[in-house]
4 protein chains.
Amino acid sequence: MSENSTRRVRRDGGTAAVVRRGRPTGDRAAKRAELLAAAASVIAQEGYANTSLRKVAQRAGCTTGAVTYYFANKEELVTALAESRFDSFDAMLATERSQPDIRAILERWLFRNTGDPEFWPVMSQLLVHARHEPAFAAVIERRYARLRDVLAALLATGQAQGTVRDDIPADLLADQVGALGDGWMLMLPIEPKRFTASRVQVLLDAAITLISPPPGARRTSGS
Amino acid sequence: MSENSTRRVRRDGGTAAVVRRGRPTGDRAAKRAELLAAAASVIAQEGYANTSLRKVAQRAGCTTGAVTYYFANKEELVTALAESRFDSFDAMLATERSQPDIRAILERWLFRNTGDPEFWPVMSQLLVHARHEPAFAAVIERRYARLRDVLAALLATGQAQGTVRDDIPADLLADQVGALGDGWMLMLPIEPKRFTASRVQVLLDAAITLISPPPGARRTSGS
Amino acid sequence: MSENSTRRVRRDGGTAAVVRRGRPTGDRAAKRAELLAAAASVIAQEGYANTSLRKVAQRAGCTTGAVTYYFANKEELVTALAESRFDSFDAMLATERSQPDIRAILERWLFRNTGDPEFWPVMSQLLVHARHEPAFAAVIERRYARLRDVLAALLATGQAQGTVRDDIPADLLADQVGALGDGWMLMLPIEPKRFTASRVQVLLDAAITLISPPPGARRTSGS
Amino acid sequence: MSENSTRRVRRDGGTAAVVRRGRPTGDRAAKRAELLAAAASVIAQEGYANTSLRKVAQRAGCTTGAVTYYFANKEELVTALAESRFDSFDAMLATERSQPDIRAILERWLFRNTGDPEFWPVMSQLLVHARHEPAFAAVIERRYARLRDVLAALLATGQAQGTVRDDIPADLLADQVGALGDGWMLMLPIEPKRFTASRVQVLLDAAITLISPPPGARRTSGS
DNA sequence: CATGAATGAGATTTCATTCAT
DNA sequence: GATGAATGAAATCTCATTCAT
């Protein structure tokens with residue numbers, strides 16, 4: 001128990017330091033989301049290894065005690081963060097599913113021009129850490145498998161429509177595209193200069209060419 | 001190549017160094033290599049975020065003092081480690097350059113069946129950290145560019161020989177293949193179960209198919 | 001790793017704050033003993049629950065870092081403390097073994113007039129904590145069993161000499177005497193007022209009477 | 001005692017407290033008792049040093065706020081707990097007073113076969129902490145003295161009936177028996193293996209023998 | 001040369017207590 | 001009356017780095 005006699009001095013005197021305490025009818029989920037955003041911001045900026053609960057708390061404008069009030073420990077925070085990132089990714093894919101424009105999907109997947117610019121920086125940090133945090137690796141495994149399934153389904157649709165080469169099974173193609181995305185995700189934050197807007201377009205074109213049916217083959221499938 | 005010899009103050013002035021004739025830096029280099037190996041081992045096992053100089057010292061069987069004696073600080077250790085990893089990678093590629101068997105190269109690159117099994121686990125850890133350690137990012141940028149050049153040259157040779165599709169410039173193709181490799185490197189330590197030997201073969205076949213000339217096109221280039 | 005750039009300002013200027021650092025040819029065992037003494041002192045004064053490594057360090061005049069340098073963690077510190085206490089107790093008993101004056105032994109055992117006045121206060125604190133620190137409970141079990149053996153041997157000698165009642169086996173008697181000692185050890189620090197010197201004498205006399213042969217029985221054994 | 005009635009907010013409609021006539025403190029007392037039981041459970045299981053208000057609250061199925069609402073602070077909780085334990089002990093002794101079967105009393109006292117199995121584990125934890133919590137030590141002193149008085153009275157009765165040796169004053173004997181009980185109470189949770197049912201019987205027999213009149217002496221008192 | 005004792009900061013986590021609601 | 005969000009201190013432990021020897 002270790003005697004914790006705080007017995008703090010009441011510094012209510014003056015207008016300064018109005019410590020907000022007690023029960024502000026907090027929306028637990030909202031506060032958690034707020035903390036997750038702060039955590040993402042810190043990780044994106046400083047990297048996973050340099051991220052501490054203290055920094056997250058500072059970024060969120062509260063004390064470390066508040067952070068551990070909402071997340072039992074660092075692992076839980078990080079796991080929740082991963083889940084939330086995948087959620088937003090899933091949401092993005094869901095909107096696409098109806099109209100499988102392969103190029104648009106790849107563009108979003110690979111370079112995520114839209115939405116959260118911190119997405120890949122955070123994701124890559126989390127991914128490499130996954131290996132050494134079992135509870136976290138489980139999340140990755142589960143959600144990544146789902147992503148690949150969605151991608152495979154999209155590619156299969158493309159194959160049926162003749163916009164995607166069909167000499168490679170859709171699931172294998174999904175794996176390749178997934179790896180491609182992971183690779184770019186990894187290098188993008190490290191070498192931002194390499195990935196200018198125009199270079200990204202060219203890379204995308206090349207990737208599309210890779211998975212498109214060869215000119216001759218398309219005709220064949222059409223005959 | 002990653003020779004950082006005599007970073008420290010060279011006190012050759014006294015009578016001390018007189019006794020040492022042969023390679024006085026030999027011991028030093030050997031000890032550094034030993035420490036680098038220990039560092040790689042710890043990083044591969046515990047991840048960058050959980051690696052401390054103390055653990056490296058323990059793994060190498062010496063004290064923390066020794067580590068900081070041979071490396072001015074942690075950053076220098078990590079940078080030297082990255083250099084040495086690239087050295088070994090370069091060596092691997094150099095042997096291949098004479099006989100550009102694309103499949104063999106990809107196999108080594110992507111799955112590195114031969115040699116150090118810690119290679120990718122360590123590399124991925126270092127890569128994601130690069131962003132937040134400027135001196136280290138510089139190393140990555142420089143060496144990675146060289147790797148892509150080598151790969152592009154290999155692919156260009158393949159294009160000339162008709163074994164690689166030529167509807168995409170070699171340098172763009174090298175970028176794609178590089179990203180593919182990075183992606184697999186990233187996921188391999190996280191989801192080892194996904195990468196069984198047979199799955200790796202299938203993935204490799206698919207990758208080869210992706211960069212191979214389309215059946216019709218090859219004939220065209222041959223005419 | 002979490003970037004720990006101390007890079008402290010060298011405050012060598014002036015005579016103040018001469019921080020002793022580096023390698024003072026420390027005698028590891030001596031330093032550990034010193035820290036154990038400090039720990040005993042804190043525990044005796046503040047109780048186990050209120051003892052922190054910080055307080056131990058302050059008492060020993062060093063930083064908490066120094067404490068954890070010599071003891072991997074709190075459990076190790078506490079276990080080592082228990083061992084050292086038992087060592088000193090064993091030493092006390094060893095000197096007695098040659099001349100088994102039951103009264104003197106009991107006096108020392110039960111009230112430990114000689115030697116470390118912190119002995120029982122510390123011991124009782126450690127004992128109650130043993131249950132919840134497995135590694136520690138093991139020490140207690142092992143050493144306590146030995147103590148009881150020694151005591152049983154002493155009592156057996158007394159029985160052979162006719163100074164101790166022999167209608168109860170020596171080992172059972174040792175258990176009783178041990179429990180008596182534990183009980184007093186427990187209450188002594190709590191109710192110091194109850195245990196005046198004269199009261200202790202009376203209690204001792206009563207205890208001696210309890211384990212002495214009854215007047216009639218002694219004659220019987222003497223015949 | 002573990003009455004969980006009206007745990008939640010009392011929604012008695014708009015009339016609120018008007019409905020409550022009888023003992024408005026009845027609920028309060030019940031809730032306090034419930035919390036005390038939870039506290040005892042936690043202390044028995046985890047030890048005093050590892051007990052926190054939070055754990056107590058969890059065990060009781062409420063929030064920390066509830067605990068500090070019913071008990072001004074931790075000290076008050078612990079003191080109330082001690083009082084309640086002594087109450088139950090007193091109750092046990094009271095039933096025995098009419099029929100002073102020394103063996104039965106000792107059995108209950110020393111090994112407390114009947115009733116709450118957490119009794120001694122909790123009591124020993126509280127006792128060693130008493131020294132460092134003055135308000136708490138006062139409780140111990142007062143109640144323990146009363147216990148010894150009761151025990152002394154019982155022993156005096158035994159002496160009058162010839163079932164207890166009378167060569168030692170009853171109050172001294174009570175002190176010895178009390179210490180014996182404390183000693184066993186202390187070791188019992190630590191070395192449960194030592195205290196098998198049969199061993200307990202043997203120890204009890206020995207203790208009875210210790211305080212029984214010697215064979216010769218009994219005859220003397222009978223003459 | 002090389003060691004390892006020691007530092008001081010910081011990380012994670014726990015905790016008793018407070019107080020707006 | 002009762003809750004539970006939040007605090008701020010402290011506890012344990014880890015770490016990169018320094019420096020006397």
Side-chain angles (χ1 to χ4, degrees), chain A residues 1-8 10 19-28 31 50-55 57 62-70 72-75 77, chain B residues 8 11 16-17 27-28 31 50-55 57 62-70 72-75 77, chain C residues 1-8 10 19-28 31 51-55 62-75 77, chain D residues 7-10 16-17 24 27-28 31 50-55 57 62-70 72-75 77:
Chain A
M1 254 173 192
S2 71
E3 237 58 68
N4 192 350
S5 60
T6 320
R7 215 143 315 225
R8 233 162 310 106
R10 284 259 240 145
V19 182
R20 194 130 284 259
R21 198 98 81 98
R23 190 194 195 190
T25 322
D27 182 350
R28 190 167 181 86
K31 184 72 182 181
N50 298 328
T51 296
S52 66
L53 296 191
R54 205 184 275 189
K55 284 178 188 165
C62 61
T63 64
T64 60
V67 176
T68 56
Y69 177 73
Y70 285 98
N73 49 37
K74 196 182 179 182
E75 187 178 340
L77 170 68
Chain B
R8 291 259 152 200
R11 283 203 233 85
D27 288 341
R28 187 168 185 85
K31 185 76 180 177
N50 299 324
T51 295
S52 67
L53 295 192
R54 197 183 287 182
K55 283 179 188 164
C62 59
T63 65
T64 57
V67 177
T68 53
Y69 178 72
Y70 286 100
N73 51 34
K74 194 181 172 180
E75 189 178 339
L77 170 69
Chain C
M1 253 174 194
S2 72
E3 237 60 69
N4 191 348
S5 60
T6 319
R7 212 146 314 226
R8 233 163 308 105
R10 285 258 241 147
V19 183
R20 196 130 283 261
R21 198 94 82 100
R23 189 194 194 188
T25 323
D27 182 351
R28 191 168 180 85
K31 184 73 180 178
T51 295
S52 66
L53 295 190
R54 204 185 274 188
K55 284 178 187 165
C62 61
T63 64
T64 60
V67 176
T68 55
Y69 178 73
Y70 284 99
F71 298 95
N73 49 38
K74 196 182 178 181
E75 187 179 340
L77 170 68
Chain D
R7 163 80 51 96
R8 286 273 144 195
V9 186
R10 284 262 235 155
D27 288 343
R28 187 167 185 85
K31 185 77 181 176
N50 299 324
T51 295
S52 68
L53 294 192
R54 197 183 286 182
K55 284 178 189 165
C62 60
T63 65
T64 57
V67 177
T68 53
Y69 178 72
Y70 285 100
N73 50 35
K74 196 180 171 183
E75 189 178 340
L77 170 68

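Note that this is a predicted model, so its numbers are computed, not measured. To find a chain, count down the sequence lines: A is the first, B the second, and so on, and within it residues start at 1.
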(message) Looking at D:Ala66, is its backbone amide N or carbonyl O close enough to the side chain of D:Lys31 to form a donor-acceptor pair, meaning the two atoms are under 3.5 Å apart?
(response) no

(request) Could you check how far CG of D:Asn50 sits from P of F:dT12, rounded to whole Å? (result) 11 Å

(request) Would you kindly compare C:Ala72 and A:Cys62 by the position of their nearest DNA chain F nucleotide and give the one closer to the 5′ end? (result) A:Cys62

(message) Between C1' on F:dA16 and CG on B:Leu77, what's the gap in Å once rounded to a whole number?
(response) 12 Å

(message) With a 3.5 Å limit on both atom pairs, tell me what F:dT21 is paired to, counting Watson-Crick and G-U wobble, or say none.
(response) E:dA2

(message) Show the nearest heavy-atom pair for residues D:Ala57 and D:Thr64, with the distance to one decimal.
(response) CB-N, 3.7 Å

(message) Quick check: closest heavy atoms across B:Leu53 and B:Thr68, and the distance to 0.1 Å?
(response) CD1-CG2, 3.9 Å

(message) On the nucleotide F:dT3, are OP1 or OP2 found under 4.0 Å from the side-chain N or O atoms that D:Tyr69 carries?
(response) no

(message) Whether B:Tyr70 contacts E:dA2 is assessed here as follows: a side-chain N or O lying under 4.0 Å from the phosphate OP1 or OP2. Is that the case?
(response) yes

(message) From CZ of A:Arg54 over to C1' of E:dG10, roughly how many Å is that when rounded to an integer?
(response) 5 Å

(message) I need the CG-C1' distance between B:Leu53 and F:dT18, as an integer number of Å.
(response) 13 Å

(request) Give D:Ala66 one of three labels, base, sugar-phosphate or nothing, depending on what nucleic acid heavy atoms sit under 4.0 Å from its own. (result) sugar-phosphate

(request) Calculate the interatomic distance between C:Arg28 atom CZ and E:dG4 atom P; express it in whole Å. (result) 10 Å

(request) For A:Gly65 and for A:Lys55, find the nucleotide of DNA chain E with the closest heavy atom, then tell me which residue's nucleotide is more 5'. (result) A:Lys55

(request) Please work out if A:Ser52 contacts a base, only the sugar-phosphate, or nothing of the nucleic acid, heavy-atom cut-off 4.0 Å. (result) sugar-phosphate

(request) Output the distance between atom SG (B:Cys62) and atom OH (B:Tyr70), rounded to the nearest 0.5 Å. (result) 8.5 Å

(request) Specify the residue among A:Lys74 and D:Thr68 whose closest nucleotide of DNA chain E lies further upstream toward the 5′ end. (result) A:Lys74

(message) Assuming nearest nucleotide by heavy-atom distance, tell me which of C:Glu75 and D:Thr64 is located more 5' along DNA chain F.
(response) D:Thr64

(message) Measuring to OP1 and OP2 of E:dT7, would you say a side-chain N or O of C:Thr63 lies under 4.0 angstrom away?
(response) yes

